[in-house]
Peer 1: 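Provided herewith is a single structure, encoded as structure tokens, for subsequent inquiry.
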Amino acid sequence: MANKVTVLGSLNVDTILRISRLPKPGETMPMSDQDKAGGGKGANQAIAAARCGAETSFIGKIGADENGKMMCRLLQESGVDLTQVTQSDKGTGQAFILLQDSGENSILIYGGANQTITADDILKAKAEITEADFLVTQCETPLMPAAKAFSLAKEHGVITILNPAPAKQLPQELLEQTDIITPNETEAELLTGVKVDNRSSQHEAAVKLQALGVKNVIITLGSAGSFYRFGSKEGFVPAFKVHAIDTTAAGDTFLGALSSKLKRDFSNIEEALVFASGASSIAVQKLGAIPSIPTKDMVEAIL
Ligand code: ATP
Ligand code: RIB
């Protein structure tokens with residue numbers, strides 16, 4: 001049976017500005033191209049879960065504008081349930097992605113409607129939260145409503161997954177109700193103070209995250225792969241070797257795919273991590289966030 005995944009999170013329209021390098025202060029320079037694509041960490045993770053086979057619902061906010069309509073259409077096309085996507089008096093979120101020829105990106109965010117999610121929205125979405133197998137969130141929407149959603153989820157035996165991105169300090173009440181946290185190396189360092197650059201520092205950061213209250217940890221390591229510590233069991237799954245052209249949403253695709261595959265007792269954690277790595281290795285080979293997210297069939301074809 002398909003996993004039921006509910007994502008509480010952000011919806012952004014991404015404007016991708018393709019540049020040879022970042023401009024210096026005061027410098028004017030040409031772009032080589034520009035593109036527009038659906039994105040936002042929440043939307044990317046929900047679409048990855050849905051395309052990989054999960055029964056997926058979304059809790060979020062859009063503005064009364066064309067960008068909001070575009071985001072709803074994209075989620076609907078991938079089969080995501082939008083009952084709890086409501087309208088705000090702020091504009092739909094946007095991201096401006098400076099994508100350099102090297103593949104590196106720098107992102108500016110307009111939070112807009114994403115920042116207007118309240119505890120009341122969480123109460124209205126009680127059914128979507130309590131009937132899920134997994135509740136997933138990130139840090140592009142307010143964190144106190146997220147903590148409330150996690151608390152409701154835990155009361156009903158739902159597994160909570162926190163993607164602590166973009167990197168910021170997290171409230172204790174959120175950490176304590178997190179079953180799985182999925183930082184990248186930078187986020188793990190911000191949360192623990194441990195510079196994550198080898199296996200022993202991955203172990204040390206994961207142990208510190210557990211001491212902060214989270215139960216299980218996955219640290220994503222970009223093109224190197226991912227490290228996990230579930231309880232006291234640890235392991236490493238290498239990334240697939242591919243030529244990356246745009247890593248935007250690599251982490252989101254990884255997490256969405258993982259939530260579609262992971263069993264509630266975590267007994268298939270390594271298999272789920274290989275599946276997630278395969279999904280994100282496909283995503284990094286294509287430009288844009290939502291356009292790059294693969295389906296389950298595409299992932300299975302490369303495994
Ligand atoms: P982003 O913020 O760019 O969405 P992230 O920093 O949250 O990503 P990463 O650790 O960069 O997350 O990547 C997540 C996973 O995606 C990695 O664990 C790996 O499996 C896969 N991945 C990322 N970059 C590459 C790459 N260049 N080649 C192959 N796989 C990759
Ligand atoms: O994680 C990638 C996403 O971060 C982009 O789609 C952009 O919208 C930003 O939120």
Side-chain angles (χ1 to χ4, degrees), residues 1-12 38-63 68-88 92-93 113-114 116-143 145-163 165 174 177-180 182 249 252-264 272 276 279 289-290 293-296:
M1 216 167 62
N3 279 349
K4 277 190 173 183
V5 175
T6 294
V7 178
L8 162 65
S10 56
L11 302 130
N12 292 334
K41 293 184 189 302
N44 298 339
Q45 291 170 16
I47 285 185
R51 288 187 185 164
C52 288
E55 200 182 305
T56 311
S57 301
F58 199 86
I59 306 168
K61 291 242 187 232
I62 50 164
K69 286 186 197 148
M70 169 179 160
M71 291 309 300
C72 287
R73 181 175 47 75
L74 290 171
L75 287 160
Q76 249 157 0
E77 280 170 4
S78 290
V80 178
D81 182 281
L82 298 185
T83 310
Q84 297 302 333
V85 174
T86 54
Q87 227 174 57
S88 159
T92 301
N114 294 318
T116 66
I117 294 176
T118 62
D120 199 38
D121 295 311
I122 301 306
L123 292 179
K124 286 183 188 140
K126 185 171 179 199
E128 283 76 4
I129 292 169
T130 59
E131 289 165 20
D133 294 306
F134 295 91
L135 174 65
V136 177
T137 199
Q138 332 73 34
C139 300
E140 284 187 334
T141 50
L143 296 179
K148 184 161 190 65
F150 270 28
S151 156
L152 191 56
K154 292 315 307 160
E155 281 166 24
H156 290 82
V158 177
I159 294 159
T160 53
I161 309 184
L162 173 63
N163 177 221
L174 187 59
Q177 304 193 83
T178 296
D179 290 315
I180 306 175
T182 64
D252 300 333
T253 303
F254 183 93
L255 176 46
L258 181 89
S259 67
S260 75
K261 191 77 180 173
L262 189 60
K263 292 186 179 158
R264 284 178 52 90
I290 288 175
I293 298 171
T295 60
K296 185 180 180 187

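On a predicted model such as this, the values are computed, not experimentally measured, just so you know.
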Peer 1: Return yes if some donor-acceptor pair links the side-chain N/O of D121 with the main-chain N/O of I117 below 3.5 Å, else return no.
Peer 2: no

Peer 1: With a 4.5 Å cut-off on side-chain heavy atoms, are L143 and T137 touching?
Peer 2: no

Peer 1: Assess whether atom NZ of K296 is packed by more than 12 heavy atoms of other residues, nucleotides or ligands within 6.0 Å.
Peer 2: no

Peer 1: Which value, rounded to the nearest 0.5 Å, describes the distance between K154 atom NZ and T130 atom OG1?
Peer 2: 13.0 Å

Peer 1: Between T160 and D179, is there a side-chain donor-acceptor contact under 3.5 Å, judged purely by atom types and distance?
Peer 2: yes

Peer 1: Is it true that a side-chain atom of T6 and a backbone atom of E128 form a donor plus acceptor pair closer than 3.5 Å?
Peer 2: yes

Peer 1: Should E55 and D133 count as side-chain neighbours, where that means a heavy-atom distance under 4.5 Å?
Peer 2: no

Peer 1: What are the two closest non-hydrogen atoms of N114 and P142, and how far apart are they?
Peer 2: O-CD, 3.3 Å

Peer 1: Tell me the closest heavy-atom pair linking S88 and K61, and the distance in Å.
Peer 2: CB-CD, 3.9 Å

Peer 1: Distance from S57 atom OG to L82 atom CG, nearest 0.5 Å?
Peer 2: 9.0 Å

Peer 1: For D81 and T83, indicate whether the former's side chain and the latter's backbone hold a donor-acceptor pair under 3.5 Å.
Peer 2: yes

Peer 1: Going by heavy atoms in the side chains, are K126 and L152 under 4.5 Å from each other?
Peer 2: yes

Peer 1: If you take all heavy atoms of A257 and A276, which pair is closest and at what distance?
Peer 2: CB-CA, 4.0 Å

Peer 1: Would you check if the side chain of S151 reaches a backbone N or O of A147 as a donor-acceptor pair within less than 3.5 Å?
Peer 2: no

Peer 1: Roughly how far, to the nearest 0.5 Å, is CG of D252 from CD1 of I47?
Peer 2: 11.0 Å

Peer 1: Do F150 and L8 have side chains that get closer than 4.5 Å, going by heavy atoms?
Peer 2: no

Peer 1: For residues L174 and L162, determine if any side-chain heavy atom of one lies less than 4.5 Å from a side-chain heavy atom of the other.
Peer 2: yes

Peer 1: Could you measure the distance from the CD1 atom of I180 to the CG atom of L262? Nearest 0.5 Å is fine.
Peer 2: 5.0 Å

Peer 1: Just how far is it from atom CD of Q84 to atom CD1 of I59, taken to the nearest 0.5 Å?
Peer 2: 6.5 Å

Peer 1: Considering non-hydrogen atoms only, spot the tightest contact between K261 and A272 and give its length.
Peer 2: CG-CA, 3.8 Å

Peer 1: Go through it in stages, so that I can follow the logic: the residues are V85 and I62, the test is side-chain contact (heavy atoms from CB on, under 4.5 Å), and I'd like the CA-CA distance, side-chain angles, deciding distance and then a yes or no.
Peer 2: CA-CA 7 Å; V85 174; I62 50 164; 4.2 Å; yes

Peer 1: Kindly compute the distance separating CD (Q76) from CE (M71), expressed to the nearest 0.5 Å.
Peer 2: 12.0 Å

Peer 1: Does a side chain donor of either S10 or E140 reach within less than 3.5 Å of an acceptor in the other side chain?
Peer 2: yes

Peer 1: Is there a side-chain contact between L255 and I161 (heavy atoms, below 4.5 Å)?
Peer 2: yes

Peer 1: Check whether S260 reaches the backbone of L258 with its side chain - one donor and one acceptor, N or O, closer than 3.5 Å.
Peer 2: no

Peer 1: What are the two closest heavy atoms between L135 and V158, and how far apart are they?
Peer 2: N-CG1, 3.7 Å

Peer 1: Please report the shortest heavy-atom distance between A49 and S259, naming the atom on each side.
Peer 2: CB-OG, 3.8 Å

Peer 1: Are side-chain N/O atoms of Q45 and N163 paired as donor and acceptor at under 3.5 Å?
Peer 2: yes

Peer 1: Going by atom types only, do S78 and R51 share a side-chain donor-acceptor pair under 3.5 Å?
Peer 2: yes

